J.: 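Right, I'll just put the structure down here and ask away after.
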Amino acid sequence: MAKFLFESDEEFKQYMSDTLAYVNMQNTVSKLVSFVKPQYMIEFGSGNGATSLRLAKENPKTSIVAVDLREKMIGLSKEKLFQNRVSNVTFINNDLTNLENYNLGNANLILMMYSFKYIADPDSKKENFLKDLYSRMREGAYLIIGDTFLEEGATKEDVKRQLEDRYYNNSKDVFWNNLKGLSEEDVKYAFDVQTINRMHTKDQVKFGVDRDGVYYVSREWLKKTAKKVGFKVLLGERLNSLSDTIFVLQK
Ligand SMILES: C[S@@+](CC[C@H](N)C(=O)[O-])C[C@H]1O[C@@H](n2cnc3c(N)ncnc32)[C@H](O)[C@@H]1O
């Protein structure tokens, strides 16, 4: 099984959190959540907790449950929670696909930001997950899925090109984010972090192309399947040229 995720907060931050794609996705999700003003929401696949923590601060009347499979990430989230002293978010170490564990009938909004792609092949598993989720959600509740999607009918070569573009773009963000000055030492540090990031880049492209741990679907697939399951598709818009897209679905 591929090592497709990051083990430390520092690694995650260097690699993912500060990329333009991530920041733009989080800003847009924050805007959408402020439109809905949920009383109770669940984030599935909360990673280091950055998004749920931000949403909790921005929406003090919203109760948030954030779920991640990795104990380490939940540990980091709890540390951050302690530092930030926010009381309206709870971090839970669990598998998001075990839907019976969650109080979905009470949630006004479910968020999956860069986590939907981890539901393994075959695609029917994602379809069954959506069906199960739909059946447990309350009428009118929203499901927001923000992730990277493929083009319909993309060949392995197309997927490789798309993911290379995506991850090389991210590594340039990482270079600029880690440049803290113009001294020789500062510039060397930024290049060093970028080099480490590029090693991950190669892996990330390979995992996506080989469908080893990361299982992208096309926008068209999600649109069609969500409708089939019964969701109204309110939005399914790209955020950028790297094919990150936000879907807003409603029961
Ligand atoms: C890219 S991170 C998500 C980042 C996070 N949503 C944010 O906004 O910062 C994807 C997360 O999904 C989690 N994940 C993957 N499969 C999961 C599952 N079956 N149940 C719960 N979490 C899962 C991973 O552990 C990982 O932390």
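Remember, it's 1-based here, ligands and their atoms both numbered in the order they're listed. As the structure is a computational prediction, the values presented were derived from the model and not from experiment.
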J.: Give yes or no for whether the N/O distance cutoff of 3.5 Å, strictly under, is met between V67 and ligand 1.
T.: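 No: no nitrogen or oxygen of V67 is under 3.5 Å from one in ligand 1.
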J.: By number and element, which atoms of ligand 1 are closer than 4.0 Å to a non-hydrogen atom of D95?
T.: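 Those atoms are 18 (C), 19 (N), 20 (N).
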J.: Check ring pair (Phe, Tyr, Trp, His ring centres under 6.0 Å) between Y216 and all other residues, then give those that pass, not counting sequence neighbours.
T.: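 Per chain and number, Y216 pairs via ring pair (Phe, Tyr, Trp, His ring centres under 6.0 Å) with no residue.
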J.: Mind checking whether A50 has an N or O less than 3.5 Å away from an N or O of ligand 1?
T.: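 By distance alone, the answer is no.
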J.: Which atoms of ligand 1 are found less than 4.0 Å from any heavy atom of G47?
T.: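 The atoms of ligand 1 under 4.0 Å from a heavy atom of G47 are 27 (O).
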J.: Please determine if S115 has a nitrogen or oxygen closer than 3.5 Å to a nitrogen or oxygen of ligand 1.
T.: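 Looking only at distances, the answer is no, because the N/O contact criterion of under 3.5 Å is not met.
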J.: Are any of the N/O atoms on E43, whether in the backbone or the side chain, positioned under 3.5 angstrom from an N/O atom of ligand 1?
T.: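 It does: an N or O of E43 is found under 3.5 Å from an N or O of ligand 1.
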J.: Give yes if a backbone or side-chain nitrogen or oxygen of T97 is under 3.5 Å from a nitrogen or oxygen of ligand 1, and no if not.
T.: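 No; every N/O pair is 3.5 Å or more apart.
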J.: Tell me, please: is M25 in heavy-atom contact with ligand 1, that is, under 4.0 Å?
T.: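 The answer is no: ligand 1 sits nowhere under 4.0 Å from a heavy atom of M25.
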J.: List every atom of ligand 1 that sits less than 4.0 Å from any heavy atom of T51, numbering the atoms from 1 in the order shown and giving each element.
T.: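 Answer, ordered by atom number: 7 (C), 8 (O), 9 (O).
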J.: Without swapping roles, check the side chain of Q162 against the backbone of F149 for a donor-acceptor pair under 3.5 Å.
T.: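 Yes.
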J.: Once salt bridge (Lys or Arg N to Asp or Glu O under 4.0 Å) is applied, do any residues pair with R138, and if so which ones, sequence neighbours excluded?
T.: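 For R138 there are no salt bridge (Lys or Arg N to Asp or Glu O under 4.0 Å) partners, ignoring immediate neighbours.
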J.: Is K180 atom NZ crowded by more than 12 heavy atoms from other residues, nucleotides or ligands, each under 6.0 Å away?
T.: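 Yes, the 6.0 Å shell around NZ holds more than 12 heavy atoms from other groups.
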J.: Would one find an N or O of M113, backbone or side chain, under 3.5 Å from an N or O of ligand 1?
T.: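 Checking ligand 1 against M113, an N or O pair does fall under 3.5 Å apart.
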J.: Is the ring centre of F44 less than 6.0 Å from the ring centre of Y102?
T.: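 So the answer is yes for these two rings.
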J.: Out of R70, E71, K72, indicate the one that has the non-hydrogen atom closest to atom 26 (C) of ligand 1.
T.: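 Looking at heavy atoms only, R70 sits closest to atom 26 (C) of ligand 1.
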J.: Assign the ring pair F231 / Y134 to parallel, tilted or perpendicular, where the plane angle (0 to 90°) is split at 30° and 60°.
T.: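 Rings of F231 and Y134: perpendicular, over 60°.
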J.: At the 4.0 Å heavy-atom cut-off, does N94 count as touching ligand 1?
T.: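 Contact present.
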J.: Please confirm whether S46 comes under 4.0 Å of ligand 1, counting heavy atoms of the residue only.
T.: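 S46 counts as a contact of ligand 1 under the 4.0 Å cut-off.
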J.: Given Y118 and Y215, is the ring-ring contact (aromatic ring centres under 6.0 Å, His included) satisfied, shown in steps?
T.: CA-CA 6 Å; Y118 295 115; Y215 312 90; 8.2 Å; no
J.: Quick one: does T225's side chain have a donor or acceptor within less than 3.5 Å of a partner on W221's backbone?
T.: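 Yes, because the side chain of T225 sits within donor-acceptor range (under 3.5 Å) of the backbone of W221.
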J.: Spell out, yes or no, whether I42 and L96 are grouped together once hydrophobic residues are joined by side-chain heavy atoms under 4.5 Å, including indirect joins.
T.: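 Same cluster.
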J.: Please verify whether a non-hydrogen atom of Y22 lies at under 4.0 Å from ligand 1.
T.: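 Y22 counts as a contact of ligand 1 under the 4.0 Å cut-off.
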